[in-house]
Amino acid sequence: MLTANDHLTDAPLVVLLHGYGADERDLAGLVPYLPGHYRYASLRAPEPVPGLPGHQWFSLRWLPGPAGPTLDTSAEAEAALNREVTTAARDLLDRIAALGAEQVAFIGFSQGAVAGMQAWRLDPDRFVCGVVLSGFVASGEVAGDAVLAERRPPVFWGRGDADSVIPQAAIEFAGPWLDAHTTLERLVIPGAGHEITFPELNSVAHFLDAQLR
């Protein structure tokens with residue numbers, strides 16, 4: 001775990017959750033572009049990626065193809081994803097609780113966004129707001145979904161319209177789900193791929209200040 005602004009003991013905490021194959025150093029690089037009056041904690045996903053550097057919140061299944069491996073989006077793979085991200089989300093909730101913050105927000109990129117949203121669905125009281133960057137929401141029903149649908153907490157969802165990493169089916173599920181369960185602020189960046197852009201960072205900074213101050 002990497003932290004910033006630890007001296008601001010009473011400030012809200014923003015938890016940073018990296019994507020597949022990265023580690024806690026990845027999103028720590030966003031801190032200089034975010035408001036300086038919050039505490040930050042960048043966490044490492046619990047599992048190493050087999051045979052590769054970096055870590056993962058849940059494993060990915062790959063299928064052989066003529067142009068190279070493609071992501072398995074079958075019902076079996078989706079069910080495995082849901083089980084694994086739920087396990088990771090429970091671990092994430094324990095780690096955040098140990099940090100002892102009263103107000104907590106999360107910024108998740110790709111897999112980290114899925115893990116953050118799943119943790120919120122398990123414990124609707126955990127976060128004040130959430131930021132989903134180039135990510136999606138796991139399918140299926142979770143215990144806290146009805147509470148989120150009633151409360152409609154604030155979520156920022158930023159993505160590029162040229163992202164070839166996140167399956168289109170995941171985007172098509174996430175949009176209506178977020179509309180039904182959150183107060184959603186969307187930003188789609190034309191031409192951007194699986195990345196975090198400066199317009200998104202600027203919007204995230206304003207979003208955090210609107211929700212946490």
Side-chain angles (χ1 to χ4, degrees), residues 12 14-17 19-20 57-58 60 71-93 96 103-190 192 194 196-197 199-201 203-213:
V14 180
V15 176
L16 306 174
L17 307 172
Y20 178 82
W57 299 96
F58 50 87
L60 299 178
L71 189 63
D72 185 354
T73 58
S74 66
E76 180 183 357
E78 185 176 341
L81 182 158
N82 291 346
R83 289 193 301 271
E84 290 184 26
V85 75
T86 297
T87 299
R90 294 189 190 282
D91 174 71
L92 176 59
L93 288 169
I96 292 173
Q103 278 192 303
V104 184
F106 77 85
I107 298 174
F109 174 72
S110 194
Q111 276 201 356
V114 185
M117 284 302 307
Q118 196 76 350
W120 207 356
R121 297 169 71 184
L122 291 168
D123 182 0
D125 296 321
R126 179 67 280 174
F127 300 110
V128 175
C129 60
V131 174
V132 174
L133 298 175
S134 298
F136 59 96
V137 180
S139 63
E141 293 186 10
V142 181
D145 285 354
V147 176
L148 292 179
E150 180 180 357
R151 295 179 181 175
R152 299 291 183 94
V155 168
F156 177 91
W157 184 26
R159 63 184 185 88
D161 67 0
D163 188 340
S164 60
V165 172
I166 303 300
Q168 185 61 31
I171 298 298
E172 293 173 355
F173 176 83
W177 192 96
L178 289 167
D179 281 333
H181 294 82
T182 73
T183 300
L184 183 62
E185 181 177 337
R186 277 186 175 89
L187 180 61
V188 180
I189 305 297
H194 196 64
I196 300 173
T197 65
E200 286 173 294
L201 285 176
S203 295
V204 168
H206 288 293
F207 175 80
L208 291 176
D209 276 346
Q211 307 305 329
L212 294 177
R213 299 193 75 185

| said: Applying side chain to side chain contact (heavy atoms under 4.5 Å, CB included) to I196 and V204, what does each step give before you reach the verdict? | reply: CA-CA 11 Å; I196 300 173; V204 168; over 6 Å; no

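Counting only heavy atoms from C-beta outward, the side chains of I107 and L208 approach each other to under 4.5 Å. You'll find the side chain of W177 reaches within 4.5 Å of the side chain of L148, heavy atoms only. Put simply, the side chain of I166 reaches to within 4.5 Å of the side chain of S110, judged on heavy atoms. With contacts defined as side-chain heavy-atom distances shorter than 4.5 Å, the pair E200/V131 does not qualify. Residues L17 and L92 meet the side-chain proximity criterion, which asks for heavy atoms closer than 4.5 Å. At least one side-chain heavy atom of L133 sits less than 4.5 Å from a side-chain heavy atom of F156. V128 is not listed as a side-chain neighbour of P12, based on a closest heavy-atom distance of 4.5 Å or more. The shortest distance between side-chain heavy atoms of I171 and W157 falls below 4.5 Å.
Note that CG of L81 and CD of Q111 are 7.5 Å apart. Values are rounded to the nearest 0.5 Å. Taking CZ from R151 and OG1 from T182, the interatomic distance works out to 14.0 Å, rounded to the nearest 0.5 Å. Atoms CG and CG, from D123 and L93 in turn, are 5.5 Å apart once rounded to the nearest 0.5 Å. Taking SG from C129 and CD from Q103, the interatomic distance works out to 8.5 Å, rounded to the nearest 0.5 Å. Atoms CG and CE, from L122 and M117 in turn, are 11.0 Å apart once rounded to the nearest 0.5 Å.
The shortest non-hydrogen separation linking A119 to A89 is N-CB, 3.5 Å. Taking both residues in full, the closest heavy atoms of N82 and G140 are given as ND2-N, 4.4 Å, listed atom of the first, atom of the second, then distance. The minimum heavy-atom distance between P154 and W120, with the atom names listed, is O-CH2, 3.7 Å. In terms of heavy atoms, G108 sits closest to A113 at O-CB, 3.3 Å. Annotation for T197 and A192: closest pair CG2-CB, 3.9 Å, computed over non-hydrogen atoms.
Annotation: Q168, atom CD; neighbour count of heavy atoms from other residues, nucleotides and ligands within 6.0 Å is above 12.
Listed for the T183 side chain is a donor-acceptor partner under 3.5 Å among the backbone atoms of R152. Using a distance-only test at 3.5 Å, with no hydrogens or angles considered, a donor-acceptor pair links the side chain of R121 to the main chain of A138. When atom types are taken as modelled, the side chain of D145 and the backbone of V142 share a donor-acceptor pair closer than 3.5 angstrom. At distances below 3.5 Å, not a single donor-acceptor pair connects side-chain atoms of E84 with backbone N or O atoms of W57. Looking only at distances, no side-chain donor or acceptor of D179 sits under 3.5 Å from a matching main-chain atom of L184.
By the 30° and 60° cut-offs, the orientation of the rings of F58 relative to F136 is perpendicular. Using cut-offs of 30° and 60° on the angle between ring planes, the pair H194 and F109 is tilted.
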